[in-house]
Chemist: 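Here it is: the structure, laid out below.
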Amino acid sequence: MSHFIESLYPWYLRHRRDLPWRKTTDPYLIWVSETILQQTRVGQGLPYYERFILSYPDVVSLARAHEDEVLKLWEGLGYYSRARNLLAAARQILQNFNGKFPSAYSDIRKLKGVGDYTAAAVASIAFNLPYAAVDGNVYRVLSRCYGLETPINTPAGKKLFAQLAEELLNRREPGMHNQALMEFGALQCVPKNPDCENCPLVNHCAAFLTKQVDRLPVKNRTLQRSSRYFNFFLIEGVGQILIHKRQKNDIWKNLYQLPLEETAGETSAEEILQSQLLIPLLNIETVKIQKITPLRTHELTHQRIFARFIHLQTDQLPENTAGFIKINKKDISKFAFPGLVKKYFEENHLI
DNA sequence: AAACCGGGGAA
DNA sequence: TTCCCAGGTTT
């Protein structure tokens, strides 16, 4: 109990941000916040958290929700499996624990969408259980403090840092300890250009002493982005448009989109229109081309989407919409769309 | 072990 | 551009 990491505690008490999920010990609220904050900055997730807990203040209200509604609240935040898993886990809790959030680490860890990090975070912060939460911040702080060069995105790295974090854990106040370490990484020991001159741990930091701060943590990168070409059709009847629910195992699963024609490579809008795959399918006769946007890029973690929007006007949308959903324009905002599509609606004042 | 799953902010 | 963010699941 006399490790130098403890000098972080007074730092934490002084510098910690005043965040809504720090005002509660409700495991449900802690869990929701941890899920929203996965791979997401506090500033980005905060408004989503506020809206989410207003709509679903407890496990049972979430468990009773419809997935479309939950995804709508998640719209624009990304990594939508988090929302689907959150709902599934809430239903697990209703079924298996009578709606009461489980208080054992092993039970928490079994919930959908809850991995090692989230289970440890919820167990320690909400129940004061002695589990070390190791997130991106903790990897960075520990790799620098101890000068560890093992790549953090390898099994060996995960094991090493998990073990070290477990040894360092303050077992009396694991929740505070975990948050102190993470907050320190988020505010002081930042990825780029950290202010080491004003760091409370500078005299203990192996990376600082050996001038390796900007090299740590080490991460093997594998990321390769593939390109995809999306042609979205805004097919507008009188006050109505067609949309479609993505259901395959692909990006944006269970979100809505406009009728889409994906091509293998870069294709001109003329070719798309001449191929006439979509229009005959819908048996639309009189179609007027309103506007075709230039190709725009949308970057995802592992895909680069090249998208264009083709705006067509017709007198009347068909009765048989071949799997597409006919909706009123004023109802567009009721559905969850990928950011790319939502942005298009906004540009054209459809929402 | 590697691939897959978003979107935004910072440098 | 590239990197990273209170990661997890699937193959």
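Bear in mind that the values here come from a model prediction, so they are computed numbers and not experimental data. Just so we're on the same page: letters track the sequence lines, and every chain starts at 1.
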Chemist: Taking for each residue the nucleotide of DNA chain B bearing the nearest heavy atom, is the 5' side occupied by R41(A) or by A156(A)?
Modeler: A156(A)
Chemist: Any base atoms under 4.0 Å from R84(A), or only sugar-phosphate, or nothing? Heavy atoms, all strands.
Modeler: nothing
Chemist: Which whole-number value in Å describes the distance from Y80(A) OH to dT10(C) P?
Modeler: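 From Y80(A) OH to dT10(C) P: 19 Å.
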Chemist: Do Y131(A) and E166(A) get their side chains close enough for a donor-acceptor pair, meaning under 3.5 Å?
Modeler: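 No, no side-chain donor-acceptor contact under 3.5 Å.
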Chemist: Any side-chain donor-acceptor pair under 3.5 Å between R82(A) and T40(A)?
Modeler: yes
Chemist: Under a plain distance cut-off of 3.5 Å, with no hydrogens placed, do D68(A) and Y256(A) share a side-chain donor-acceptor pair?
Modeler: yes
Chemist: Could you give the NZ-to-P distance, from K158(A) to dG7(C), as a whole number of Å?
Modeler: 11 Å
Chemist: Could you check N85(A) against A186(A) and say which one's nearest nucleotide on DNA chain C is further toward the 5' end?
Modeler: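 Its nucleotide being nearer the 5' end, the pick is A186(A).
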Chemist: Find the distance R17(A):CZ to dC5(C):P and express it as a whole number of Å.
Modeler: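 Going from R17(A) (CZ) to dC5(C) (P), I get 12 Å.
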Chemist: Can a side-chain donor-acceptor contact be found between H311(A) and E236(A) if the only test is distance below 3.5 angstrom?
Modeler: yes
Chemist: Describe the nucleic acid contact of D116(A) in one word from base, sugar-phosphate, nothing, applying a heavy-atom distance below 4.0 Å.
Modeler: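 The answer is sugar-phosphate, as D116(A) gets under 4.0 Å only of primed atoms, P, OP1 or OP2.
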Chemist: dT9(C) P sits how many Å from K112(A) NZ, rounded?
Modeler: 8 Å
Chemist: If you only use heavy atoms from C-beta on, which nucleotide in dC5(B), dG8(C), dA6(C) is closest to the side chain of E34(A)?
Modeler: dA6(C)
Chemist: Taking only the side-chain heavy atoms of R22(A) (C-beta and beyond), determine which of dG6(B), dC3(C), dA6(C) contains the nearest atom.
Modeler: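 Of the options given, the side chain of R22(A) lies nearest dA6(C).
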Chemist: Mind checking W31(A) for me? I need base, sugar-phosphate or nothing, with any heavy atom below 4.0 Å counting as a touch.
Modeler: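 The residue W31(A) makes no contact with any strand.
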Chemist: Quick one: are I108(A) and W31(A) in side-chain contact, heavy atoms under 4.5 Å?
Modeler: no
Chemist: Under 4.0 angstrom, heavy atoms only, what part of the nucleic acid is G76(A) near: base, sugar-phosphate, or nothing?
Modeler: sugar-phosphate
Chemist: Side chain of D135(A) only, heavy atoms from C-beta on: which candidate in dC3(C), dA6(C), dC5(C) is closest?
Modeler: dA6(C)
Chemist: Would you please confirm or rule out a distance under 4.0 Å between OP1 or OP2 of dA6(C) and any side-chain N or O of W21(A)?
Modeler: no
Chemist: At less than 3.5 Å, do the side-chain atoms of R82(A) and the base atoms of dC5(B) form a donor-acceptor pair?
Modeler: no
Chemist: For E75(A) and dG8(B), give me the distance from atom CD to atom C1', rounded to whole Å.
Modeler: 16 Å
Chemist: Students often get this wrong, so: under 4.0 angstrom with heavy atoms, is I36(A) touching a base, only sugar-phosphate, or nothing?
Modeler: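 I36(A): no heavy atom of the nucleic acid under 4.0 Å.
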Chemist: Could you state the atom-to-atom distance from CD1 of I251(A) to P of dA3(B) in whole Å?
Modeler: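 After rounding, the reported distance stands at 18 Å.
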Chemist: By nearest atom, which of the nucleotides dG8(B), dG8(C), dA11(B) is closest to the Y117(A) side chain?
Modeler: dG8(C)
Chemist: Respond yes when some side-chain nitrogen or oxygen of Q39(A) is under 4.0 Å from OP1 or OP2 of dG7(C), and no when none is.
Modeler: yes
Chemist: Would you indicate which nucleotide in dC3(C), dG6(B), dA6(C) comes nearest to any side-chain atom of K192(A)?
Modeler: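 The nucleotide sitting nearest to the side chain is dC3(C).
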Chemist: Taking side-chain hydrogen bond (donor to acceptor under 3.5 Å, both in side chains) as the test, write out the residues that go with R215(A), two or more places apart.
Modeler: E149(A), Q212(A)
Chemist: Under a single-linkage rule joining Ile, Leu, Val, Met, Phe, Trp and Tyr whose side-chain heavy atoms are separated by less than 4.5 Å, which residues share a cluster with L216(A)?
Modeler: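 Direct or chained contacts put L216(A) with V218(A).
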Chemist: Hey, does T40(A) reach any base, or is it just sugar-phosphate, or nothing, if we go heavy atoms under 4.0 Å?
Modeler: base
Chemist: Out of dC5(B), dA6(C), dG8(C), which nucleotide sits closest to the side chain of Y79(A)?
Modeler: dC5(B)
Chemist: Would you mind classifying the nucleic acid contact of V114(A) as base, sugar-phosphate or nothing, using non-hydrogen atoms under 4.0 angstrom?
Modeler: sugar-phosphate
Chemist: Using the C1' atom as the point on both nucleotides, what is the distance between dC3(C) and dG6(B), in whole Å?
Modeler: 15 Å
Chemist: Side chain of N137(A): nearest nucleotide among dA6(C), dC4(C), dG6(B)?
Modeler: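 Given the options dA6(C), dC4(C), dG6(B), the side chain of N137(A) is closest to dA6(C).
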Chemist: Look at the side-chain N and O atoms of H298(A) and state whether any lies under 4.0 Å from the OP1 or OP2 oxygen of dG6(B).
Modeler: no
Chemist: Base, sugar-phosphate, or nothing for T118(A), non-hydrogen atoms under 4.0 angstrom?
Modeler: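 The answer is sugar-phosphate, as T118(A) gets under 4.0 Å only of primed atoms, P, OP1 or OP2.
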